[in-house]
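Written out below as structure tokens is the structure these notes cover.
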Amino acid sequence: GEKSLALYWLQTMIVLSAPETKDETVASLMAMQLIASHAAGNPASEDVEFDRATALRLASETAGEFGAFEAAINFRQQLLTTSPADWENRIELVRLLAASGRKDEAIQSLVATIADRNATRTLRWQAIWLTPELTGKDPSTWSNIRDRVHALNSQDSEIITALEALSLSASGGT
């Protein structure tokens, strides 16, 4: 239905953004009667350029809106490869992994982001503030995250203190 059609067109847009598959995809699209009839009056229609990062972001957002979490995760992972410095994508990937029930992967990605000293401070703090969404009040999950962040980056007292404070807050402590 509508979901399949939207995902098909988004996937097509992504394929059009890759130089190695663009010509073949354009040829396939131009073979479709409806598209060919509209393109006939517009000779520049084959020269449309798509930005890969924008196409992947749009595809992920649309797939997520339709509840197609696996497709959305796939698009976000491709975007992570295309634009590793896109901090918003890293946060959204964690959220999608959690929403799709892949909590362990979400936590792994969250921990990697929090402990990444090369990431921006804004990204790391966003990841910290996302932690309660994944852990709730479960003390073992909080402990797991704190231990993993500490193992990856034991010298970062600011981050470790922030996680400890949020953990205490989640459990009702002060």
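Since we're looking at a predicted model, the values are computed, not measured.
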The side-chain contact (heavy atoms from CB on, under 4.5 Å) partners of Ala106 (sequence neighbours excluded) come to Val94, Leu97, Ala98, Leu134
Would Trp125 end up clustered with Leu163 when hydrophobic side chains under 4.5 Å apart are linked, directly or stepwise?
yes
Report the residues that fulfil side-chain contact (heavy atoms from CB on, under 4.5 Å) with Asp147, sequence neighbours left out, ordered by chain and then residue number.
Ser143
Interatomic distance, NZ@Lys137 vs OG@Ser169, rounded to 0.5 Å, equals 9.0 Å
With a 4.5 Å heavy-atom cut-off, do Asn89 and Ser60 have their side chains touching?
no
Side-chain contact test, heavy atoms from C-beta onward, threshold under 4.5 Å: evaluate it for Thr131 versus Trp142 and give yes or no.
yes
Hydrophobic cluster identity match, Leu79 and Leu123, side-chain contacts under 4.5 Å:
no
For Ile160 and Ser154, the nearest pair of non-hydrogen atoms, with its separation, is CD1-O, 3.9 Å
In the single-linkage hydrophobic clustering (I, L, V, M, F, W, Y; side-chain heavy atoms under 4.5 Å), do Leu80 and Phe69 co-cluster?
yes
Partners meeting side-chain hydrogen bond (donor to acceptor under 3.5 Å, both in side chains) with Trp87 (sequence neighbours left out)
none
Taking the side chain as every heavy atom from C-beta outward, state whether Ile73 and Arg102 have any pair of such atoms under 4.5 Å apart.
yes
Under 4.5 Å between any side-chain heavy atoms of Arg90 and Ser109, yes or no?
no
For Gly136 versus Ala170, what's the shortest heavy-atom pair and its separation?
O-CB, 3.6 Å
Residues which pass salt bridge (Lys or Arg N to Asp or Glu O under 4.0 Å) with Glu164, listed by chain and number, not counting sequence neighbours:
Arg146
Contacts satisfying salt bridge (Lys or Arg N to Asp or Glu O under 4.0 Å) that involve residues 123-133 (not counting sequence neighbours) are Arg95-Glu133, Arg124-Asp156
Could you tell me the separation between the CG atom of Leu166 and the OG1 atom of Thr161, rounded to the nearest 0.5 Å?
11.0 Å
Is any side-chain heavy atom of Glu88 closer than 4.5 Å to one of Gln126?
no
Would you indicate whether Lys103, at its atom NZ, is surrounded by more than 12 heavy atoms from other residues, nucleotides or ligands within a distance under 6.0 Å?
yes
Working for side-chain contact (heavy atoms from CB on, under 4.5 Å), residues Gln78 and Arg52:
CA-CA 10 Å; Gln78 288 179 57; Arg52 185 159 181 80; 3.3 Å; yes
Under 4.5 Å between any side-chain heavy atoms of Ile159 and Asn153, yes or no?
no
Go through the side-chain N and O atoms of Asp104 and Gln108 and say whether any donor and acceptor fall under 3.5 Å apart.
no
Cluster link Leu110 to Ile91, ILVMFWY, side chain under 4.5 Å
yes
Linked, directly or transitively: Ile107 and Leu152 (ILVMFWY side chains, under 4.5 Å)
yes
Name all residues meeting the side-chain hydrogen bond (donor to acceptor under 3.5 Å, both in side chains) criterion together with Thr82; count only those two or more places apart in sequence or in a different chain, and write none if there are none.
none
Can you confirm whether Leu58 sits close enough to Phe75 that some side-chain heavy atom of one is under 4.5 Å from a side-chain heavy atom of the other?
no
Least distance between heavy atoms, Asp138 atom then Ser140 atom
OD1-OG, 2.9 Å
